[in-house]
Protein chains: 2
Amino acid sequence: MTEKKILFRNKILKELYFEDNLSCVDLSKRIHKSFPITAKLIEQLMVENLVIENGYAPSTGGRRPLTYSIQKNVMYLVSVAMDQFVTKIAIMDMQNNFVSPIEKIVLPLPDNTKALDALIEKIAQVINSSGIEKEKFIGVGIGMPGFVDVQKGINYSFLQLPNNASITKHISEIIGIPVFIDNDSSLIALAEFYFGEARGEKNAMVINIGWGIGLGMILNGELFRGHEGFAGEFSHIPLFLNGQLCWCGKVGCLETETSLLLIIEKAREGINSGRLSKLNSLTFDDIEQAFDGIVKAVRSGDQFAAELFSKAGYNIGKGIAVLIHLFNPKKIILSGRGASAGKIWSAPIQQALNEHCIPRLFQGTSIAMSSLGTQAELIGAAALVMEHYEQEPIINKQIAA
Amino acid sequence: MTEKKILFRNKILKELYFEDNLSCVDLSKRIHKSFPITAKLIEQLMVENLVIENGYAPSTGGRRPLTYSIQKNVMYLVSVAMDQFVTKIAIMDMQNNFVSPIEKIVLPLPDNTKALDALIEKIAQVINSSGIEKEKFIGVGIGMPGFVDVQKGINYSFLQLPNNASITKHISEIIGIPVFIDNDSSLIALAEFYFGEARGEKNAMVINIGWGIGLGMILNGELFRGHEGFAGEFSHIPLFLNGQLCWCGKVGCLETETSLLLIIEKAREGINSGRLSKLNSLTFDDIEQAFDGIVKAVRSGDQFAAELFSKAGYNIGKGIAVLIHLFNPKKIILSGRGASAGKIWSAPIQQALNEHCIPRLFQGTSIAMSSLGTQAELIGAAALVMEHYEQEPIINKQIAA
DNA sequence: TAAACTTTTTTAATTTTTTAATAAGAAATT
DNA sequence: AATTTCTTATTAAAAAATTAAAAAAGTTTA
C-alpha cells in the first residue's frame, strides 16, 4: 500500500526528470493512473518540496493546465564516462545540469588491476568535495567500453574482480549509493533517446563514432541490449575481404576500415610518405588534438583530409546498409566524438546507401547528426540511474524523511 | 466496465490458446489480476462453455491446482501461407489442430492483378465448405512474401490495390471476418516463439531457409518488425564481394550465395557439366522434389551434394555471425523449408562462426533446428490472429450471445 | 458579446480490487 | 504417525481506484 504509493510517486519524479513541465493530465496518462490519484500524489510531492509548480502551459482550446517540474536540488546523480584511457566524472542535478566542473583523470583500463580502486577513490572524492550531503545522491551511473553485463554488473573486458564478482555491488558497498553500469555506446544511445535526436523514437540506431565504432539500439521504444548485454558489436561484423587483421583477432571487421584511429593513422602515413596537405603541420602526440586538426583541415577544403573521411564514411555507410536491412529503423543518428565532423559524413554515407541498400528500405530512414556533443555519455549515465529509479523506493524514503 | 471485463475474459482465452492447461494462479499472474477476480472470470467462461476444466496438475508441494483449457471447437481460425507461386490454406481450432485438410492452390503473385481476387475467393470457399458456422471464425491470418506493412495492411510487393488501399480491410469487408497479414518469415518466427524452439525466449533469431533466406526476430520477448514492418531483410545485406547481381538489383547480397534455389541451380549445373553424383538421376521439373532429392543424396553420403550444402551453410553462417554481433541472441533457430536438411547445416555454420565471430559472443548463443516442419507459417498465421484477439471484443460478444 | 464548446480541476459516490481470514489438499519434516 | 509447511480455493471485509458530476477557466463561433 504505502509501498505502492511510493512506486507511483517515484514514477512521477522519473517522468519529470525525463520531461520537464508536464501537466497533471500528462502525468496521469504516463503513470497510467486516474487524474484524482495523480493530483493527490503531486500535491504530496509539492509539500515534500520534491516537485514545484511551473506556471501555466498555453491553452489547447480549454482551461490552461498547471505544469510541474522536479525540484533540481533535492537529488543528485554521479555520471561517469570511461574510455580505454581517460575517465570523466560529473555531478548532475535533476534538470540535467552539470553541477560541478567535469573532472577528467587519466585511467588506463587494459591490464590495469588497480583501475577499479582508482575509479572508486575518484568517485568518492568527487562526492565528498562537492559539498552535497551524501543522502541526496540517488545513484552512480557508469559507462565503460567492453562487454558489459548490465544485470550482473560485470564487465568481462575490464575492471574485473576475482570470481567474476559484481563490480556494481562492490562499488555500491564502498560508496554507499546504488551503482549502475552499461556499455558506453548503449549510454550514448540512451542519451539520444531521452534528450537528443532519438527523442521519442520507437526505432532508432545510434552510431557512436569514436576510436572504435559502437552501436546503441532503440527498438520497440526501449534500449536493446540482447541476451547477455553484448548486443551492438557493430565494429566487428565481418564486412570486408581486406585481409586486415583486427585487434579482436578476426579478419575484415568493419572497424578495420572505419574508426577514427584509422583516419589518424592514415593521415600520419600519408604525411610521412610526402602527401601534400594542410595536415603537414599536425602533431600526433595527442590523438584528440590530432583528430580535431584533421576535421579542421576538411572544413577548410583540404583534399587529402577529405579523402580520408570519404573512405571511412563510405564504409560506415556500408555498415549502416546492413543495419537498415535488418532493423528498418526510422532514424539513424551519428553521435560520439566523430559526430563533431558533422556533415562531412553525409555524402559518402548516402553514396554507400545508394549502392548497398534496397531503395524502399532507406527511403523510410533518415540520418541525423547528434547535437549532444561529447557529453552524451555522461548524460546517458545519468539517465541510466533514473531509468532504475522507481525500483529503488528505499533511497527515496531517506530523502522524504 | 463490461467492456473491461470482456477484455480480461479475452486475455484468459488468449493465454489458454498459447498455453494449454494453466491453473487459476498461472492465469491470474499472466493477466495481472488478483486470484479472486481471475477465479470468477474462469467460472463465467466455463458457464459459457468457452473453457473446460482439465483435471489436476501435479502438486508442487501443496494442494494440487485445477487446470483449465480452452474449448477447442467454439472458435476457429483461417490460416493462409503464401509463397510466390503456391498458397496453402487451412482451418485451425483453438488447440492448434488442423481441422480440415490443408488446401494447396497454385497462385502466382508476381505481376498478377487477379491474385487478390483469387485469394479471397479461395478463402471464402474454404470457409463455406468447412460446414462451420461463420460466426465461429474469429479471424484470418495470412503470411506472404514481400514488404508487408502490418499496421496498414498493405503489401508493397504483391497483391496491391489501387491507391495503396489496405488489403486487410478489403478482404475483411468481403469475407466478414477480421483479417491480419504479415511477412512470411515473421510468421515463422511467431510460430517458433509460441509453439516451437523459441518458446519463451526473450531474444531469438529465426532463420527461414527457403527459396530465399528470411529472418524473423524475437527481441525483448516480442516479435520485432521495425519502423515500417520491413525489418529482417537478411537476404539482401551486402556481405559478399562476388560481383553477383541479385534479383533485387544490388550486388553481393547474402542471397546470391545461400538460397535453396541457388543450391538447386548449382546442382543442375554440376550435373550438366558431368560431375559424378547420385544427383544424376534427379529431375528438375518440380523444385520441391528436386530439393528433397538433393537432401536425400547428402544423407546417403553423396559428396557433390554435401559440398553444395557446405558452401551455402558456410555463407549462412557468415550471415549468422553478423546477427550474433548485432543482436547477441540466446538462440538461433533454423526453420522453413530448408530446415528439413537438419544437421547437414551444423558443421559449416559452426565453422563460419569460428572464423567470423568473437568467441565470447557465440559462446552464449545456441543453434537449433526447427521441429515445426513445413507447417510453421500456417501455425504462425493462426498465432497472429490470436495475438490481436483481446483487441477484438466485438467478435466475442457475438459468440457469447 | 454571449453562447457553445474544450480542457483542466475539484469533489463526491460508486465500483472494483485487493487484502485478509479461513479452509482444504498435499508433501516434507520431525 | 503427527506436525509443519506449502500451495490452492472460497468468502467477506477493507481499501483503493475509477467514474461521474459539477465547477472553473479559456477559446471559438454566431
Side-chain angles (χ1 to χ4, degrees), chain A residues 1-16 19-48 50-70 390 393 396-397 400, chain B residues 1-12 15-16 19-48 50-70 390 393 400:
Chain A
M1 300 181 267
T2 306
E3 274 286 319
K4 226 176 176 181
K5 226 176 191 174
I6 290 176
L7 175 76
F8 286 112
R9 248 174 54 113
N10 288 358
K11 269 194 181 170
I12 289 176
L13 291 174
K14 189 174 150 180
E15 291 297 336
L16 287 175
E19 190 159 348
D20 208 12
N21 276 23
L22 291 171
S23 74
C24 189
V25 171
D26 293 334
L27 283 166
S28 105
K29 275 175 195 158
R30 282 168 191 239
I31 68 172
H32 299 287
K33 289 286 127 184
S34 67
F35 189 96
I37 288 183
T38 311
K40 252 180 209 165
L41 285 169
I42 292 174
E43 192 183 14
Q44 205 180 322
L45 283 166
M46 292 215 301
V47 171
E48 293 173 44
L50 290 165
V51 163
I52 48 174
E53 274 185 21
N54 212 352
Y56 292 96
S59 165
T60 55
R63 180 170 172 172
R64 292 181 306 184
L66 258 173
T67 64
Y68 302 90
S69 293
I70 188 167
E390 63 189 83
N396 201 251
K397 267 183 197 159
Chain B
M1 302 181 264
T2 306
E3 274 285 320
K4 228 177 178 180
K5 225 177 193 172
I6 290 175
L7 176 76
F8 285 110
R9 250 174 52 116
N10 288 358
K11 270 194 180 170
I12 289 175
E15 292 296 337
L16 287 174
E19 190 159 348
D20 209 10
N21 274 24
L22 291 171
S23 73
C24 188
V25 171
D26 294 334
L27 283 167
S28 103
K29 277 175 195 157
R30 282 168 190 240
I31 67 172
H32 299 286
K33 289 286 129 183
S34 68
F35 188 95
I37 288 179
T38 312
K40 253 179 208 167
L41 285 169
I42 292 174
E43 193 184 12
Q44 205 181 321
L45 283 165
M46 293 215 302
V47 171
E48 294 174 45
L50 291 165
V51 163
I52 47 173
E53 273 184 21
N54 211 353
Y56 291 97
S59 166
T60 56
R63 179 169 174 174
R64 292 181 307 183
L66 259 172
T67 64
Y68 303 89
S69 293
I70 187 167
E390 62 189 84

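Values reported hereafter were calculated over all heavy atoms of this structure, with side chains retained and with hydrogens, waters and symmetry mates removed. Chain naming here is simple, since letters A, B, ... match the order of the sequence lines and numbering starts at 1 in each.
- Straight-line distance from the CG atom of A:Leu41 to the P atom of D:dT18: 11 Å, rounded to whole Å.
- Taking atom CG of B:Leu7 as the reference point, atom C1' of C:dT17 lies 16 Å away to the nearest angstrom.
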The test is side-chain contact (heavy atoms from CB on, under 4.5 Å); show your working for B:Tyr68 and B:Ser23 and say whether it passes. CA-CA 6 Å; B:Tyr68 303 89; B:Ser23 73; 5.7 Å; no
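- At the heavy-atom level, A:Thr60 lies under 4.0 Å from the strands shown only through sugar-phosphate atoms.
- B:Glu19 pairs by the side-chain hydrogen bond (donor to acceptor under 3.5 Å, both in side chains) definition with B:Arg30, not counting sequence neighbours.
- The minimum heavy-atom distance linking A:Ser59 with A:Gly61 is given by the pair OG-N, 2.9 Å.
- Side-chain atoms of B:Ile12 and B:Ile31, non-hydrogen and from C-beta on, do get closer than 4.5 Å to each other.
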Name the pairs: protein N/O against N/O of nucleotides 9-13 of chain D, kept only if under 3.5 Å.
from	atom 1	to	atom 2	distance (Å)
D:dA9	OP1	B:Leu66	N	2.8

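- Taking a pair as Watson-Crick or G-U with both hydrogen-bonding distances under 3.5 Å, the stems of three or more pairs touching DNA chain D are C:1-30 with D:1-30.
- In this structure, A:Ser59 reaches the sugar-phosphate backbone alone: every heavy-atom distance under 4.0 Å involves primed, P, OP1 or OP2 atoms, never a base.
- Checking B:Ile37 against A:Gly62, the closest nucleotide of DNA chain C that is more toward the 5' end is the one next to A:Gly62.
- Taking CD1 from A:Ile37 and CZ from A:Phe35, the interatomic distance works out to 12.0 Å, rounded to the nearest 0.5 Å.
- What separates NZ of B:Lys40 from P of C:dT15 is a distance of 14 Å, to the nearest Å.
- A:Asn21 is linked by a side-chain hydrogen bond (donor to acceptor under 3.5 Å, both in side chains) to A:Asn54, A:Ser69, counting only residues two or more places apart in sequence or in another chain.
- As rounded to whole Å, 10 Å separates atom C1' of C:dT17 from atom NZ of A:Lys33.
- Looking at residues two or more places apart in sequence or on another chain, you find no side-chain hydrogen bond (donor to acceptor under 3.5 Å, both in side chains) involving B:Ser28.
- Atom-to-atom, CD of A:Glu43 to P of C:dT10 comes out at 8 Å; the value is rounded to the nearest Å.
- Residue pairs meeting the salt bridge (Lys or Arg N to Asp or Glu O under 4.0 Å) criterion with at least one partner in residues 51-69 of chain A, sequence neighbours excluded, do not occur; the list is empty.
- The shortest non-hydrogen separation linking A:Glu15 to A:Leu22 is O-CD1, 3.8 Å.
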